[in-house]
Every structure is written in structure tokens, then in C-alpha cells.
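Heads up, the thing below is written out as C-alpha cells.
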Amino acid sequence: METLRAQINALDHPSCPESAQPDTAPFNIPELDDALPEGGLARGVLHEFVPGSYADYPAALGFAGCLLQQLAGARLPVLWCSLGRGLDHPPLPFPPGLTSLGLGPEQILHIEVQTEKELLWVLEEGLSSPSCPLLIAAISQPEKLYDFTASRRLSLRAARHGGTLLLVRHHRARHPAHRRGSTAAATRWSITSRPSQPDYFSNTRMPGFSRPRWQVALTRCKRGKPNIWQLEWDHETLSFGLAAPLVDRETAIPSSPATTASGNGQILPIRSTG
Amino acid sequence: MVATNRAAEQAGLHDGLSLTDARALCPALETAVATPEEDRQSLERLALWCLRFSPLITAHPPDGLAIDITGCAHLFGGEKSMLHSFSEALDLFGLSHHLALADTIGGAWALARYGKERLSIIPQGDIRTFLAPLPLVALRLDPAVTGQLKQLGLRHIRHLMDAPQAPLTSRFGPEPVRRLRQALGGEAEIFNPLFPPPAYSVRYPFEEPVLHQSALDAAFEKLAGQMESLLKKAGKGSRELDLRIFRVDGHVRPMHIRTSRLCQEASHMALLFQESLNNFHEDLDTGFGLDLIILEARHIEDMPEEQHGLPQETRDRDRISSPATDSAELAQLLDRFGNRFGFDRITRFTPRESYIPERSFQTVPITTAEPSATWQKDNGRPSRPFLFFTPPEPITVLAEVPDGPPLRFEWRRRHHHITRAEGPERLAPEWWDTQNSDTLSQTRDYFRVENMDGHRFWLFRAGLYDRDDDIPRWYMQGLFP
């Protein structure tokens with residue numbers, strides 16, 4: 001039985017090229033790492049990120065970007081593949097915004113394709129090349145071709161050459177009605193923005209915010225323990241942290257602008273501009 | 001009437017006749033509408049086919065082709081047999097033709113059109129005797145000038161050769177003398193080829209026309225190998241390669257690739273052409289078979305010395321210490337993408353020296369040189385968004401005047417209630433740049449805001465409320481993760 005298992009394992013995971021890099025990028029959060037079978041985000045596989053809603057697309061892309069930083073460090077080239085123009089969101093990240101995630105803009109090589117077919121072709125070719133170990137792609141429109149077969153092909157290529165693919169999917173992939181069956185991704189994460197920790201300053205009435213906070217749900221992971229966490233990204237240490245389980249107190253929302261008063265009782269001038 | 005065939009000519013028709021006259025002369029006349037544009041295109045197609053004889057070809061519309069066969073004749077067993085095989089091929093296409101081979105372009109032009117024989121070769125140095133009896137029209141002169149010369153009794157080239165040149169020039173301009181000297185080889189004439197000549201070219205003629213792709217692949221492999229040894233011997237690399245596949249019936253399928261890195265290895269060429277060859281196989285239409293393929297290298301540069309053939313584990317170890325060792329493989333990968341999608345679709349960021357967010361970066365194709373500027377270090381502070389809208393999108397905002405943060409805003413038909421805000425961060429326009437559009441020439445106050453659901457935005461107000469000539473407007477510029 002044991003030998004059979006070993007054989008199946010060998011068939012399932014074709015010989016990965018032996019590399020000095022660790023096979024995982026740990027989150028360094030015990031709760032999270034324990035839920036993943038490899039004790040961290042595995043290399044050589046396909047990871048999927050699904051925004052919780054339409055407006056959570058930047059959050060999902062940002063979370064994937066943070067993981068990319070954990071996998072790439074500051075020097076590995078990253079192939080960024082995006083689908084077309086004229087969509088709701090720009091196809092490319094903003095270079096100065098990349099630096100706050102710890103990624104260098106010069107690491108990014110960007111390929112713009114027009115159709116999902118071309119996107120899948122580029123991803124397969126990129127995963128087949130040993131020169132580009134990291135790929136990130138965003139399918140920012142409802143998926144038509146990406147299904148179990150396509151994801152299985154990508155996973156096999158990734159396993160053979162040790163490349164890692166982070167795929168940000170369309171938010172509709174969450175809804176069972178639009179789901180085209182399961183995919184062969186190693187992990188699937190669902191990301192939703194959460195209100196961040198308020199920073200109170202004495203000279204402003206509105207608090208500021210510091211670290212981005214997301215609700216990250218591990219919705220699919222083979223041999224893992226799916227769960228939900230509140231994560232924050234620290235741009236200074238370039239690491240994830242668990243948000244305090246009890247969130248902050250309710251902040252005062254100005255009920256009506258006309259009646260909003262400052263400390264000394266004067267009516268504030270407020271104007272609507274469009 | 002623009003053109004006639006031989007039967008029509010025998011019936012007494014000629015160019016320039018009106019259709020009614022022609023019908024009167026020959027009631028059985030078949031006519032078709034003249035399409036000069038299509039004629040020109042098919043002439044160019046024929047020129048493309050002629051690439052099999054020499055890389056230097058040019059079309060002389062409406063009905064002529066010129067081929068520079070310097071150094072090519074020996075491939076076809078000498079000038080005579082080359083001319084004959086050319087003529088046979090044209091016969092098979094059903095084209096009537098006159099071929100002439102001469103030392104000069106002008107000489108060949110004249111003999112092909114006004115010579116007595118269908119195939120004529122002028123031995124070197126004999127051009128004078130062959131040209132002398134031809135009519136003056138053969139000199140490619142303006143018809144008006146030819147007519148005037150004719151009135152003077154100068155009917156043949158012989159007459160012009162004997163005439164003193166100075167009075168001719170003073171009366172008719174430099175043209176007649178220049179054309180004559182060009183035809184006789186006394187003056188250089190520029191040969192303007194349709195395709196720039198390749199630096200290296202290898203060819204593979206099939207013994208028999210082939211119909212199967214396996215034979216084509218094998219031949220391509222052989223050519224790539226030859227090209228590699230040619231380039232290696234010269235220590236050169238190529239940035240542009242052309243592959244032409246000739247069909248027996250005259251159709252030519254050209255394939256063109258470019259590379260971002262100098263290409264020398266046959267394996268690299270095979271990788272780059274694989275895509276086009278696969279496409280070719282998909283709509284494989286070999287007709288009556290393929291009979292020749294030619295591989296040409298253009299844009300040649302000296303190849304920098306690189307160390308090849310290191311054992312695999314050494315390269316793997318190097319890869320971890322320096323990503324530069326991967327650049328060759330990465331370049332090959334990007335070449336494949338570039339040849340499929342176009343090189344302008346593969347980009348990277350380069351920094352620009354500006355504080356205006358729109359102008360702080362540029363996306364350039366990877367084929368451009370490495371940038372010299374460096375990125376402005378922001379100490380990793382997340383003050384810049386992850387996604388960025390260019391141009392910024394106008395929004396409706398409810399905000400405290402004159403310079404408070406927004407309280408509510410509407411963007412893409414959704415209302416957002418703001419619970420966290422930071423700002424303003426003021427970015428003033430560059431004072432030396434005065435010719436920009438309104439939003440760029442106004443002072444901007446940027447705010448980072450977060451709504452109740454935790455979505456984070458980067459907004460700005462262009463213009464100030466207390467400045468008289470400003471009309472403040474609000475824009476959505478970016479989204480934070």
C-alpha cells in the first residue's frame with residue numbers, strides 16, 4: 001500500500017527541479033501556517049484569488065501582490081499578464097504603489113493580451129520556461145475558458161518546472177450559479193476589504209488609516225483547513241499580521257453635513273462639488 | 001484601351017484606341033475593365049516570387065521587373081541556364097515575357113522591351129553595339145522629349161550616341177544625356193530594391209515539390225543549422241530573420257520575426273519560427289507542393305562573447321546568486337510572446353523625474369534600452385495607490401471648504417460614505433510646464449479615504465476654493481489594496 005501511494009505521489013508530482021529555494025513562503029502566523037499543508041504558501045502550484053465582490057478587486061489584487069512579494073523578494077522577475085484595456089480597472093499596477101508592497105517596479109514584465117485564450121497560452125508558456133518562476137495574472141472579466149481542464153494544465157506545467165502562478169479571478173467565480181465546476185488550483189482564497197485600524201489625530205475630526213486590512217478566507221485547500229482570518233499587511237516589516245479579533249469601536253459618522261458642528265459650535269461650511 | 005494581347009494586335013488593335021473603334025475593327029473583341037491597382041499588386045507578388053533568384057529585386061510598374069543577379073548566377077548553373085529556367089517558370093505561369101541580361105539597368109530595360117529576341121544576354125562590354133539600333137523610346141525618356149528629338153531626325157540610340165552632347169544638354173536638359181550614359185554604364189544608376197538585402201541568406205531547394213510538413217520542418221532545421229554556423233563563424237548575431245516558403249505555383253509565404261536579444265543559435269530560431277510554422281501547418285495549403293525555402297538574416301550586430309555550455313547544476317546555482325544568468329532564457333521567452341502579440345504589448349516600467357503621479361512613470365516596450373533614471377524612494381510608505389486611473393475620473397463630492405477632506409462622494413453611480421481620511425497632500429504643477437490641460441496645470445490636494453466597507457481610495461481636488469480663477473473639481477485617481 002505504501003509503495004503504491006509513493007508511486008501515485010510520484011506520478012502526481014512530476015520531478016520538480018531541485019532548487020535551493022524553500023518550497024514554501026510561510027506567513028509567519030502560526031494559525032495560518034498550520035492551516036496549510038506545506039506550512040506556508042507553496043511554490044510550484046497554482047493559487048487562486050477571488051474578490052468578495054466587485055469592489056474588492058483591488059483588495060484581491062493587492063493581497064496577491066503581497067504574496068508575490070513574499071515569494072519573489074526584491075529581485076526575481078515577475079511576469080504580469082493582464083487582459084485587455086477598456087475594462088473597469090486599469091490592467092497594470094501603479095509603480096509607486098508597488099514599492100509599498102516591497103516589490104520593485106523594475107521586476108515587473110508586463111504582457112497585455114486581448115483574449116482569455118491568449119492569456120492561458122501566455123501563462124502556460126511562461127510556466128514552461130525555467131527563466132520566469134513567478135507569474136501573476138488577473139482575469140478581470142467573467143471567465144469563459146478558464147475551467148478545470150485549463151487549471152489542470154496550468155498546475156501540471158507549474159509542477160514540472162517549479163513555477164508559481166497567482167491568478168486573480170473575477171468576483172463571480174464565488175457565486176455557485178456562475179461557477180463552472182471546480183478547478184485544480186492548490187489553494188483558493190476569497191478576499192474582502194475590511195475597515196482598517198483608525199489612527200486618531202488631535203487636529204482632525206476624521207481618523208486616518210494605516211495598514212490595509214482584509215478578511216481572507218481560505219475556501220479551498222487540499223489537505224488544509226479552510227478558515228477565515230482578518231489579515232493586515234505591514235509595509236515596514238513587509239509581513240502579514242493578524243488583526244485584533246475584536247475590531248475597533250464604532251466611529252462617529254456625521255449624520256447630516258449641514259448639522260455637523262466643530263468643537264466651538266460654529267457651522268462648518270460644506271459644499272458639494274461635481 | 002490600355003493593354004492588348006497578341007491576337008488583338010494581329011487584328012490591328014493597339015493601346016490608346018477607344019472601345020468603339022476597337023469594336024468596329026474587331027467585332028469579336030473580349031474586354032475587361034482595367035484595374036491598375038491590382039496589376040501593381042500582382043506585379044509585386046511576382047517580384048516576391050523572384051526572390052528565389054536573387055535577394056535584390058525591384059518592380060518597374062506597370063509591367064517590368066528588375067533583378068540584380070550579381071553573384072547569384074552560379075547557383076543556377078550560369079547566366080544562360082538561369083535565364084532559361086526563369087523563362088520556363090514564367091511560361092508555366094502563362095505569362096508572356098521578354099528577358100534581357102545586361103551590364104546596366106538601362107541596357108536591360110531597353111533590350112527587354114525593344115530587343116528582337118525574347119531572351120537576350122549581352123556579353124560584358126558589348127552593350128554599345130546592342131543598344132545602337134534600338135529606337136529612342138528605349139531610353140526611358142519623357143515622351144515629349146522623344147517626340148522633339150524625333151523631329152530633329154534622331155530616331156535611334158545610335159544617332160544620340162554620335163551627336164555632340166553639349167548642345168543636346170543645352171536644348172533638352174540633362175535628361176537625354178544622363179539616360180544614355182546610364183544605359184551605357186558611364187553613370188551609376190541607383191537600384192532601389194523592394195526588400196533590403198539580407199546580411200546572410202541560406203536556401204534549401206527541394207529536389208521534388210514536397211507536400212508534407214515533416215519535410216518542411218526537416219529542411220528548416222537544416223537551414224537554421226547552416227545559418228547558425230554562418231553567424232558563429234563571423235561572430236555575429238541577428239535581430240531580424242525572414243523565412244520565405246515558395247510554392248510551385250508561384251505563391252510565396254513570408255514569415256518575419258524580430259528578437260530582443262541577438263539571435264545566433266538554431267534552437268532559438270526554431271523556437272521563434274515555431275509559432276508561425278504551426279500557423280502555416282494549420283491552414284496548410286501546399287497547392288502542388290513547396291519547392292524552395294529561404295532563410296535570411298538581417299540587422300546584424302557583433303555578438304558579445306558569452307560563456308555557453310556550463311553544466312546544468314552550475315547554472316542552477318548561479319541562478320540563485322544572480323538573476324542575470326536567466327536573462328538569456330527570459331529573453332527567448334519574451335521573444336516568443338513578442339512575435340506572437342507584437343513587441344509593443346510587452347512592456348516594463350521606467351521612472352520619470354516628476355512629482356505629478358501621471359508623469360512619474362512610463363511603460364516602454366522591453367525592446368527599448370535600459371532606463372538611466374532611478375525610482376523615487378518613498379520609504380515604502382503606502383501613500384500611493386495600487387491601481388491608478390489615467391486620466392482621473394470625475395466624481396461628485398461633498399466636502400468641507402476650503403480644504404477639508406471629503407465626507408461623501410459618488411463614483412460610478414455608487415455612493416461612498418467616508419469614515420477615515422488622510423490629507424491633504426498637496427502636489428503643485430511644475431511651474432516650467434505651462435502648456436498642459438486644465439487638470440494638470442492646477443494645484444492638487446490629495447486625500448486617502450476609506451469608506452464604511454473598508455474600500456480605500458485616492459481622491460484629489462484640482463484647484464483651490466479661495467483662488468478666484470480656479471474652479472475646484474474632484475477626481476478619483478486610484479484604489480488602495
Side-chain angles (χ1 to χ4, degrees), chain A residues 17 19-21 55-56 58-59 61-63 65-66 75-77 89-90 92-97 99-102 104-106 108-113 118 122 125-126 129-132 193-196 198 206-209 212-213 233 235-236 251 253-254 257 268-274, chain B residues 316-317 320 323 326 329-330 333-334 336-337 341 345-349 351 357 360-361 363 366 375-378 380-390 394-401 404-405 407 417-422 448 450 452-456 465 472-474 478-481:
Chain A
S19 70
Q21 285 176 340
D56 289 320
L61 199 62
F63 180 67
C66 294
R75 42 179 193 82
L76 279 183
H89 296 290
L92 268 180
F94 183 47
T99 54
S100 67
L101 302 186
E106 66 280 347
I108 308 285
L109 292 160
H110 174 235
I111 299 184
E112 189 188 303
V113 292
E118 289 178 348
V122 165
E125 290 299 318
S129 164
S131 59
C132 202
S193 287
R194 304 304 300 165
S196 54
M206 190 94 81
F209 62 97
R213 181 181 290 183
W233 172 255
H235 60 268
E236 273 160 356
T251 46
I253 300 157
L268 272 175
I270 284 178
R271 195 186 294 174
S272 174
T273 316
Chain B
D316 276 352
R317 206 168 50 236
I320 284 121
D326 275 348
E329 276 171 350
L330 190 59
L333 180 70
L334 295 176
R336 291 200 62 197
F337 294 154
F341 304 118
R345 298 258 292 275
I346 306 175
T347 50
R348 63 160 177 241
F349 298 116
S360 64
F361 73 100
T363 53
I366 45 150
W375 293 98
Q376 283 169 11
K377 291 286 173 223
D378 204 18
R381 176 117 183 89
S383 58
R384 293 290 178 266
F386 193 56
L387 291 173
F388 186 76
F389 296 107
T390 29
I395 49 174
T396 319
V397 166
L398 189 70
E400 201 179 302
V401 287
L407 302 172
H417 221 114
I418 291 169
T419 54
R420 320 246 193 284
E422 272 179 31
R448 300 169 66 209
E450 185 183 285
M452 282 165 82
D453 300 329
H455 301 126
R456 290 163 274 267
Y465 282 106
R473 285 186 191 287
W474 286 84
L479 303 171
F480 290 96

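The chains referred to below are lettered A, B, ... by the order of the sequence lines, with proteins before strands, and numbering in each begins at 1. Side-chain atoms are counted along with the backbone in the values below, which use heavy atoms only and exclude waters and symmetry mates. These numbers were taken from a predicted model, which means no experiment stands behind them.
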Option in P357(B), G478(B), A421(B) with maximal non-hydrogen atom pairs under 4.5 Å from chain A | A421(B)
Between P90(A), A59(A), G65(A), G62(A), which residue shows the highest count of heavy-atom pairs closer than 4.5 Å to chain B?
-> P90(A)
Where on R456(B) is there a heavy atom nearer than 4.5 Å to chain A: the side chain, the backbone, both, or neither?
-> side chain
By a 4.5 Å heavy-atom criterion (distance strictly below it), what part of P385(B) contacts chain A: side chain, backbone, both, or neither?
-> both
Can R448(B) be said to sit on top of F480(B)'s aromatic six-ring, NZ or CZ under 6.0 Å from centre and within 45° of the ring axis?
-> yes
Atom group of F341(B) that falls short of 4.5 Å from chain A, counting heavy atoms | side chain
Among F361(B), F386(B), F349(B), which one satisfies ring-ring contact (aromatic ring centres under 6.0 Å, His included) with F94(A)?
-> F361(B)
For residues E450(B) and T419(B), is any side-chain donor paired with an opposing acceptor at under 3.5 Å?
-> no
Using modelled atom types only, decide if a donor and an acceptor are shared between the side chain of S100(A) and the backbone of G97(A) within a distance under 3.5 Å.
-> yes
State whether a side-chain donor-acceptor pair under 3.5 Å links T347(B) with H110(A).
-> yes
